[in-house]
Protein chains: 2
Amino acid sequence: MEHLWYLDDVNVFKILCPHKFKSYKACHNFDVFQPRDYIYFEKDHSCKMFLIEKGKVKIGYYTAEGDEVVKAVLRKGDVFGEKAILGEEERNEFAQALLKDTVVCSMKVSVLHDLMRDNKTFSLKIYKLINFRIRKLERRLQLLLFKDVRTRLMEFLQELCDEYGVCCEKTGTVKISHPYTQKDMASLIGTSRPTINTIMNELRDENLIEFNRNEILVLKKTS
Amino acid sequence: MEHLWYLDDVNVFKILCPHKFKSYKACHNFDVFQPRDYIYFEKDHSCKMFLIEKGKVKIGYYTAEGDEVVKAVLRKGDVFGEKAILGEEERNEFAQALLKDTVVCSMKVSVLHDLMRDNKTFSLKIYKLINFRIRKLERRLQLLLFKDVRTRLMEFLQELCDEYGVCCEKTGTVKISHPYTQKDMASLIGTSRPTINTIMNELRDENLIEFNRNEILVLKKTS
DNA sequence: AGGGTTTTGTAAGCTAGCTGACATTTTAAG
DNA sequence: CTTAAAATGTCAGCTAGCTTACAAAACCCT
């Protein structure tokens, strides 16, 4: 499957960086959250977009049965709540801080719309960001439609490599420090928790990966 | 599950209608296609958005194994290729005319960007259209993650009702004239063709629906 | 009008992956 | 340091839905 990650095209933080972009001051207000604080919740009015300065933020929602489903865990430089720009009325997900002193910068949609009108480059960045999200959704959908659990897990690990991976020159392995539990992974790729566990241990037995609670070491390129 | 269809918010055709919107003339060029003609193909450069004036257009892609997968079949008033606006470089799907003399209006991305900058109402409509597509994707994903095939099929029928349904006042039934084969439905909801067939016939036995090749009659509200 | 093609109907057999249950290990909280 | 809670590991049993295969029907096309 084609490579998905054009992060340079999508790094809104870079272009919003105050050193490079003066108008940024207009939306330069930061909020600090503590673990378990909700930054927004389902049904909240969608009036802002957020940028993470520090810490971690979990995006998710609750099923009718009350189970939490994780959509993503984001870090410094990541943007969330961007659907507000697209005229979304209310949130259909929550955003929750995970780490102590998680700092996010919030930007009002009205301000962003003005910025976008005045700055072609900026608006294109925003467009690309949204296109990126759509591609990610379409990709997940295709995996779910056509691939078995093992393949989906391996694709997911590949994504983790691209997002969180640190390549070790010496050994040629990639170390992933990620924030997901096996339960999270299970719901992200659409399977049950025991199945994830079994396959993870299979991959370990096959010397493809090594892992503990917080880290995965990818020993060989899987694709 | 919540109701998804805010078509009024999303009907770009209305706002692009020449009677209401003078600048529309700028992009008022129509093309006529015949069945099996491709309007665009995977890997084509994404430089236009399209609006269907007449006929039907199939959106789909091919798997690595060469099988065709239908993403949607669209009709008069529907928009496609809108990812071009979001800075997509090349198509990851094809668009193919299905009916004789299918007429589509094409609009260059550059023109659309200009229109969007000059006209706040228009740009919001475009944003809402894109938000709508994202919601649809997210919804499909959630169904695929958590619901069994029967539920997914019933949700799909509900969508067809909203999109293609004509309500008969006398009998209280809804008639759906749709363009999908059972094979198409199968790939849309992520199952096999025989399974769709079996469940469709079960629903018929339960007097919930009536159907033939081209039409589905929904006898009772299923949700 | 007839022969080929596509779509629909149906069934047997199999298996990937779910469910539920429990044990073990790790982390968090007082 | 202790205890509770969360995350991981493992397994037996089951079943939804897939695969394959074939037959019937409906729809071309010339």
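We name chains A, B, ... by the order of the sequence lines, and we start the count at 1 in each one.
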When you check the phosphate oxygens OP1 and OP2 of C/dG9, does a side-chain N or O of B/N197 lie under 4.0 Å from one of them? yes

Just the rounded figure in Å: distance from C1' of D/dA5 to CD of A/E68. 15 Å

Going 5' to 3' along nucleotides 17-30 of chain D, which nucleotides have protein heavy atoms under 4.0 Å from the base (write B), which only from the sugar-phosphate (write S), and which from neither (write -)? SSBB----BSS---

With B/F211 as reference, evaluate B/N201, B/L217, B/L203, B/I176 under the side-chain contact (heavy atoms from CB on, under 4.5 Å) test and give the passing residue. B/N201

When all nucleic acid strands are considered with a 4.0 Å heavy-atom cut-off, which category describes B/N212: base, sugar-phosphate, or nothing? nothing

Quick one: A/L153 CG to C/dA16 P, roughly how many Å, whole number? 16 Å

A/I196 CD1 to D/dA7 P, in whole Å, measures 15 Å

Just the rounded figure in Å: distance from P of C/dT26 to CZ of A/F211. 12 Å

Determine the interplanar angle of the A/Y61 and B/F146 rings, folded into 0 to 90°, and report it as parallel if under 30°, tilted if 30 to 60°, perpendicular if over 60°. perpendicular

For B/E163, is there an ion pair with B/R75 - N to carboxylate O distance below 4.0 angstrom? no

Gap between atoms CZ and P, on A/R36 and D/dA5 respectively (whole Å): 13 Å

Mind checking whether A/H178 and A/Y180 have parallel, tilted or perpendicular rings, split at 30° and 60°? parallel

Atom-to-atom span, CE of B/M200 to P of C/dT7 - whole angstrom: 15 Å

For DNA chain D, which residues in residues 177-187 of chain B have a heavy atom at a distance below 4.0 Å? none

Is A/E68 reaching over with its side chain to a backbone N or O of A/G60, donor-acceptor style, under 3.5 angstrom? no

Gap separating the OG1 atom of A/T191 from the CD1 atom of A/I199, nearest 0.5 angstrom: 6.5 Å

Figure out the CG/P separation between A/L203 and D/dG9, and round it to whole Å. 12 Å

Taking OP1 and OP2 of C/dT8, is either one under 4.0 Å from a side-chain nitrogen or oxygen of B/N201? no

Flag, side chain of A/R140 to backbone of A/L188, donor-acceptor distance under 3.5 Å: yes

Checking the side chain of B/R152 only, and the main-chain atoms of B/K147 only, is there a donor and an acceptor separated by less than 3.5 Å? yes

Would you say the ring centers of B/F50 and B/Y40 fall short of 6.0 Å from each other? yes

